[in-house]
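Keep in mind it's a predicted model, so treat the numbers as computed, not measured. What's counted below: heavy atoms across the whole structure, side chains too, no hydrogens, waters or symmetry copies.
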Amino acid sequence: MESGNGKRAQEEAGPSSGLSSASGIDGSKQEMTEKASDAFDDGREEEEEEEEEEGGIDDNKNGVFVPGPLLSLKEQIERDKEDESLRRWKEKLLGCLESDLDGQLDPEVKFHSIGILSEDFGEIVTPLPVNENQNGSTLFTLREGSHYQLKLKFSVLHNIVSGLTYSNTVWKGGLQVDQSKGMLGTFAPQKEPYVYALKEDTTPSGALARGVYSAKLKFEDDDRRCHMELKYLFEIKKSS
């Protein structure tokens, strides 16, 4: 009887003991799940923070750059007038004296002449601005298939001109037949004028290429300020 009662008690206790064990396992699983969930949430928060930081960087990259106030060269040199050696170094670097500067903010590019360099005739120089009686006349004549370069002489006044570019557009019979663009660079005021030759080009060949062409040469800086727009004519003749 005692053995039977003990066995019965053990059987009765079995489910209870098993339930208790299962409950302990479930509790452990729940605790692990909560920890994993917390870790996952922390990970998501870190990712969101990183994305926000990256977004901030992108916003800065895509944002509009606001430059500082523009100062004239005279003001920039006067800032260091107490340091005589630094002031002289700036004047030497710029190629001008403080007395040559007038404090004007906007730079000015003054073109003195335009030249044409060619193997046919050497160099032809036309003073700028073009005289009224030369307006609409042919500035130069080239042979078909010949090499040539445009050469410019200009001065920069008042302030540094940044990113000076040129565009040269050519028409024949009212149709655009060529366009070239290029960067001249950044130039500071100096006593002596600058001399700059544009890249070499070659005139077209053939019967259809001969004749009179109209062209427009334009110079602009980074601020889209137009410093010169020159309209001129040239002719291409048959190679002898």
Side-chain angles (χ1 to χ4, degrees), residues 92-96 106-240:
K92 184 178 180 181
L93 180 66
L94 295 172
C96 61
D106 293 334
E108 179 186 349
V109 181
K110 183 178 181 180
F111 288 87
H112 304 293
S113 65
I114 180 171
I116 177 76
L117 302 173
S118 173
E119 56 191 10
D120 293 346
F121 46 74
E123 180 178 4
I124 296 177
V125 178
T126 302
L128 295 175
V130 176
N131 295 329
E132 291 184 2
N133 57 356
Q134 286 183 290
N135 213 357
S137 62
T138 302
L139 288 186
F140 53 87
T141 301
L142 297 170
R143 290 184 305 169
E144 58 181 346
S146 61
H147 302 286
Y148 71 96
Q149 280 181 288
L150 292 177
K151 189 174 79 170
L152 299 151
K153 187 177 182 181
F154 61 92
S155 296
V156 177
L157 308 173
H158 312 308
N159 210 337
I160 295 172
V161 60
S162 177
L164 187 63
T165 62
Y166 76 89
S167 64
N168 191 39
T169 309
V170 181
W171 294 268
K172 186 184 181 189
L175 297 176
Q176 181 177 320
V177 295
D178 186 53
Q179 185 178 51
S180 59
K181 296 181 179 181
M183 170 69 71
L184 274 68
T186 296
F187 302 90
Q190 64 177 27
K191 288 184 176 181
E192 298 299 323
Y194 292 95
V195 177
Y196 194 99
L198 305 185
K199 64 180 181 179
E200 187 178 72
D201 206 347
T202 305
T203 59
S205 300
L208 295 177
R210 300 167 200 150
V212 177
Y213 293 77
S214 62
K216 182 174 71 174
L217 184 60
K218 188 176 182 179
F219 294 87
E220 292 183 331
D221 60 22
D222 276 348
D223 295 321
R224 308 294 295 176
R225 186 186 292 110
C226 180
H227 292 281
M228 185 182 74
E229 185 174 293
L230 174 66
K231 295 179 181 179
Y232 62 99
L233 300 177
F234 67 95
E235 185 178 2
I236 297 178
K237 288 187 174 182
K238 183 178 181 180
S239 179
S240 55

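- With hydrogens and angles disregarded, a donor-acceptor distance shorter than 3.5 Å links the side chain of Thr203 to the backbone of Ser146.
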Side chain to side chain contact (heavy atoms under 4.5 Å, CB included) between Glu119 and His147, worked out: CA-CA 7 Å; Glu119 56 191 10; His147 302 286; 4.0 Å; yes
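- Inter-residue side-chain proximity for His158 and Pro107 is flagged as unmet; no heavy-atom pair is nearer than 4.5 Å.
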Verdict with supporting geometry, Ser162 and Asp221, side chain to side chain donor-acceptor pair (under 3.5 Å): CA-CA 6 Å; Ser162 177; Asp221 60 22; over 6 Å; no
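- Aromatic ring centres of Phe187 and Phe154: separated by under 6.0 Å.
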Residues Glu220, Arg225; criterion salt bridge (Lys or Arg N to Asp or Glu O under 4.0 Å); working and verdict: CA-CA 5 Å; Glu220 292 183 331; Arg225 186 186 292 110; over 6 Å; no
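- Ionic pairing of Glu123 and Lys151 is present here: one or more N-O contacts between side-chain nitrogen and carboxylate oxygen are shorter than 4.0 angstrom.
- Between Ser118 and Leu142, the shortest heavy-atom distance links the atoms OG-CD2, 3.7 Å.
- Here the side chains of Lys199 and Gln149 are not in contact, with every heavy-atom distance at 4.5 Å or above.
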Candidate pair Phe219 and Val109, rule side chain to side chain contact (heavy atoms under 4.5 Å, CB included), full reasoning: CA-CA 9 Å; Phe219 294 87; Val109 181; over 6 Å; no
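- Expressed to the nearest 0.5 Å, how far OH of Tyr196 lies from OH of Tyr166 amounts to 7.0 Å.
- Contact record, Glu144 with Gly206: OE1-N, 2.8 Å, taken as the closest heavy-atom pair.
- Residues Val161 and His227 form a side-chain contact, since some pair of their non-hydrogen atoms from C-beta on lies under 4.5 Å apart.
- Each of His112, Glu108, Lys110 was compared with Ser155 under the side-chain hydrogen bond (donor to acceptor under 3.5 Å, both in side chains) criterion, and only His112 meets it.
- Looking at heavy atoms from C-beta onward, Ile114 lies in side-chain contact with Leu217 at the 4.5 angstrom threshold.
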Side chains of residues 170-180: which donor-acceptor partners sit under 3.5 Å, not counting sequence neighbours?
unit_1 : atom_1 : unit_2 : atom_2 : d
Lys172 : NZ     : Leu208 : O      : 2.4
Lys172 : NZ     : Arg210 : O      : 2.7
Gln179 : NE2    : Thr169 : OG1    : 3.1

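- Side chain of Tyr213 to main chain of Ala209: a donor-acceptor pair is present (N/O by atom type, distance under 3.5 Å, no hydrogens or angles).
- Proximity of Tyr148 to Ile116: side-chain heavy atoms (C-beta onward) are separated by under 4.5 Å at one or more points.
- Looking at Leu184 and Thr165, their side chains never come closer than 4.5 Å, going by heavy atoms from C-beta outward.
- Counting only heavy atoms from C-beta outward, the side chains of Thr141 and Phe234 never approach each other to under 4.5 Å.
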From CA spacing to verdict: side chain to side chain contact (heavy atoms under 4.5 Å, CB included), Lys218, Met228: CA-CA 6 Å; Lys218 188 176 182 179; Met228 185 182 74; over 6 Å; no
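- Residue Val130 comes nearest to Leu128 through the heavy atom pair CG2-CD2, 3.7 Å, listed as atom of the first residue, atom of the second, then distance.
- Counting heavy atoms from C-beta on, the side chains of Leu198 and Leu152 come closer than 4.5 Å.
- The two residues Gly163 and Thr186 have their closest heavy-atom pair at N-OG1, 3.2 Å.
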